[in-house]
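Before any comments, here is the structure.
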Amino acid sequence: MRLSRSFIPTMKETPAEAQIASHRLMLRAGLVRQTSAGIYAWLPLGYRVLRNIERIVREEQNAAGAQEVLMPTIQSAELWRESGRYDDYGKEMLRIRDRHERDMLYGPTNEEVITDLFRQSVYSYRELPQILFHIQWKFRDEVRPRFGVMRGREFLMKDAYSFDMDFAGAVVSYRTMMLAYMRTFQRMGLKAIPMEAESGPIGGDLSHEFIILAPTGESQVYYDAGFEDIDWVNAKFDYNAQDLEAFFRQMTSMYAATDEKHDVAKWDKVDPARRREGRGIEVGHIFHFGTKYTKAMNATVTAADGKHVHPEMGSYGVGVSRLVGAVIEASHDAAGIIWPDSIAPFKAAILNLRRGDAACDAMCEALYAKLGAAALYDDREERAGAKFADADLMGHPWQIIVGPRGAAAGNVELKRRATGERIELPPDAALARIA
RNA sequence: CGGGGCGUGGCGCAGCCUGGUCAGCGCGCCUGUUUUGGGUACAGGAGGUCGUGGGUUCAAAUCCCGCCGCCCCGACCA
């Protein structure tokens, strides 16, 4: 994309409403614009990041054997009356009435709809287990939206739902999602730590929240350094019951807790050299809640012995839009965002420091032709300083800097955003380095 | 939901208390010159129902009331 033709409105100054780093940077770098309290429009740069995060989440869900569906945003109140949550959910649920005076709602979550779909279509134990997921917009009418997309009212969420014949099966599904999550977050360049959690209004008895480390996180966390060392993406765990048990044992053998559930006695037993404290942001939450919904909504399957049983369920959420803000909280500096390669909107920016200079123009056009959609070409009539500042602000992993001095010598300068390291080299060598 | 604050060109703000050349400043934007490796400098220019409705007054951005919107602190949450 040519920056001169793009809709990427960057700002030098920060709108007054933005308090935290990620919100300020998302506004300044032109990723989003607020349309009303807790509701945002995603602009090209931000939308690219959102889709990249979504893509990784989707790939890992598929790899874990979950199947993607897409459920509606608008739901019927009837289903929620069946589960008993229509009255329980309170004002956070946005209630709507259609032209026939039917009570509808904008879905804050999808347990009812998925359970309804399941009971309509699945009748036999032979069809279990099933894990279904979708990535869809949710609405929760938060009393106090804040922190930009991190606590919006409308947000994009991946939610998955598992159905198993019994508790043992449900545990396997639960661990499957847990492993998928560790891989998902790692691929986004995040250190995520699962912590035991209260299961809250969804109900249930087994629950973990996934906290990523960021200096500006909302809650204080305590954890074993072991979590930092494990490479989950390449770990030799497969999605079978044995591997998952080993994985889960390893996961739960290390101490991890938010300040709410912090157990000083247990903490004292952790090797002091391995104790880590920090701030964290919740980006995912998984629950096992058994037959709460299958019983309330009478979803049954026939077991091998001919009896009708209520399947065991779990639900598994990832805050996709929240992750955009969370990644920035975890990865930025005074100059701007520092995108991890895997989710960056563009792999590289090409900075033409002297538009109109034949050598610079030719070199930039050649680079742009080769990189194509992976590059944002800054061909604006701006001063070098403005281009540097905007490139740093937008956080592209690489900057290919083309100036008259280097161009005359046949070189460009390659800058790594994360480290600030710059080297001068020929264009092809720069492309090879990036690829 | 309790407490606090704010709405003035695209962004950041001043002006309000003490109504009357107060509609202004910086950034951004447009034009020209200049500069050319970290947001250059100079000159000229465009752009505002002062959130909104009502009231007080000879006169309201300024005072009073209602409404709407947004933000912050706390409790709650992917």
Side-chain angles (χ1 to χ4, degrees), chain A residues 9-20 23-24 27-28 30 33-39 53 57 89-93 107-110 135-160 181 185 192 197-202 207-212 218-219 260 281-287 315-326 334-336 351-357 360 378 380-393 399 401-408 411-413 415 420 422 424:
Chain A
T10 60
M11 292 186 282
K12 280 172 81 169
E13 286 176 289
T14 310
E17 75 264 19
Q19 298 296 311
I20 62 166
H23 193 194
R24 283 199 303 268
L27 259 15
R28 286 192 54 213
R33 284 288 114 101
Q34 183 176 114
T35 62
S36 53
I39 302 179
I53 289 173
V57 169
Y89 217 94
K91 290 188 168 178
E92 269 200 5
M93 184 155 72
T109 178
N110 285 65
I135 299 173
Q136 177 65 291
W137 292 91
K138 306 288 189 292
F139 193 91
R140 294 184 191 171
D141 200 357
E142 297 279 345
V143 282
R144 194 185 155 207
R146 62 189 131 165
F147 304 147
V149 299
M150 297 238 292
R151 173 86 41 88
R153 293 194 294 171
E154 186 180 64
F155 57 97
L156 187 61
M157 180 179 176
K158 186 285 299 182
D159 39 326
Y181 278 25
F185 296 129
E198 309 288 356
S199 46
I202 292 182
S207 175
H208 283 84
E209 53 189 15
F210 291 75
I211 306 280
I212 62 142
E218 288 184 76
S219 48
E260 291 164 343
I281 300 168
E282 183 182 351
V283 291
H285 205 149
I286 62 179
F287 306 87
S315 76
Y316 315 90
V318 171
V320 175
S321 49
R322 169 180 282 193
L323 273 164
V324 179
L351 307 193
N352 188 343
L353 297 192
R354 183 82 63 86
R355 219 184 78 155
D357 178 277
C360 287
D378 191 344
R380 296 174 302 170
E381 281 198 64
E382 284 288 348
R383 296 181 44 86
K387 297 191 178 188
F388 287 130
D390 273 343
D392 286 348
L393 174 64
Q399 294 170 21
I401 301 159
V402 181
R405 286 206 303 262
N411 283 334
V412 301
E413 193 170 86
K415 174 179 166 182
R422 306 151 162 259
E424 195 163 317

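What you see is a predicted model, and the numbers here were worked out from it, not measured in a lab. To find a chain, count down the sequence lines: A is the first, B the second, and so on, and within it residues start at 1. No hydrogens, no waters, no symmetry mates; every other heavy atom, side chains included, goes into these values.
Side-chain contact between A:E218 and A:I20 is absent, with no heavy-atom pair separated by less than 4.5 Å.
Counting to the nearest Å, the P atom of B:C77 and the CZ atom of A:R140 are 11 Å from each other. What separates CE of A:M11 from P of B:G10 is a distance of 13 Å, to the nearest Å. Rounded to a whole Å, the NZ atom of A:K415 is 11 Å from the C1' atom of B:G37. Look at CD1 on A:I401: it is 13 Å from P on B:G37, rounded to the nearest Å.
Of the two residues contacting RNA chain B, namely A:R380 and A:V318, the nearest-nucleotide position lying further toward the 5' end is that of A:R380. Both A:G403 and A:G319 sit near RNA chain B, but only A:G403 has its closest nucleotide nearer the 5' end.
Residue A:D392 is in base contact, counting any heavy-atom pair closer than 4.0 Å across all strands shown. Across all strands shown, A:S36 has heavy atoms under 4.0 Å from sugar-phosphate atoms exclusively, and none from any base. As judged by a 4.0 angstrom heavy-atom cut-off over every strand, A:K91 is placed among residues touching the sugar-phosphate backbone only. At a threshold of 4.0 angstrom between heavy atoms, the contacts of A:A389 include nucleobase atoms, whether or not backbone atoms are also involved.
Spacing between B:C16 and B:G5 at atom C1', rounded to whole Å, works out to 16 Å. As rounded to the nearest Å, B:G28 and B:G39 have C1' atoms that lie 11 Å from one another. Taking atom P on both B:C67 and B:C1, the two are 14 Å apart, rounded to the nearest angstrom.
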All N/O contacts under 3.5 Å from nucleotides 24-32 of chain B to the protein, with atom names and distances to one decimal?
{"from": "B:G26", "atom 1": "N2", "to": "A:E13", "atom 2": "OE1", "distance (Å)": "2.6"}

Restricting both atoms to N or O, compile the protein contacts to nucleotides 72-76 of chain B shorter than 3.5 Å, with distance only.
{"from": "B:C73", "atom 1": "OP2", "to": "A:R144", "atom 2": "NH1", "distance (Å)": "3.3"}
{"from": "B:C73", "atom 1": "OP2", "to": "A:R144", "atom 2": "NH2", "distance (Å)": "2.0"}
{"from": "B:A75", "atom 1": "N6", "to": "A:R146", "atom 2": "NH2", "distance (Å)": "3.2"}
{"from": "B:C76", "atom 1": "N4", "to": "A:R146", "atom 2": "NH2", "distance (Å)": "2.6"}

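Between A:H285 and A:F287, the ring-plane angle classifies as parallel under the 30° and 60° cut-offs.
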Test side-chain contact (heavy atoms from CB on, under 4.5 Å) applied to A:Y89 and A:R140, step by step:
CA-CA 10 Å; A:Y89 217 94; A:R140 294 184 191 171; 3.8 Å; yes
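Side chain of A:R322 to backbone of A:E282: a donor-acceptor contact under 3.5 angstrom is found. The main-chain N or O of A:R380 is found under 3.5 Å from a side-chain atom of A:D378 such that the two form a donor-acceptor pair.
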Review item, side-chain donor-acceptor pairs of residues 142-149 of chain A, under 3.5 Å, at least two apart:
none

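Look at A:F388 and the base of B:G37; the rings do not stack under the cut-offs of 5.5 Å between centres and 30° between planes.
For the residue pair A:D392 and A:Q399, a side-chain donor N or O sits within less than 3.5 Å of a side-chain acceptor on the partner.
Partner assigned to B:C63 is B:G55, using Watson-Crick or G-U wobble distances below 3.5 angstrom.
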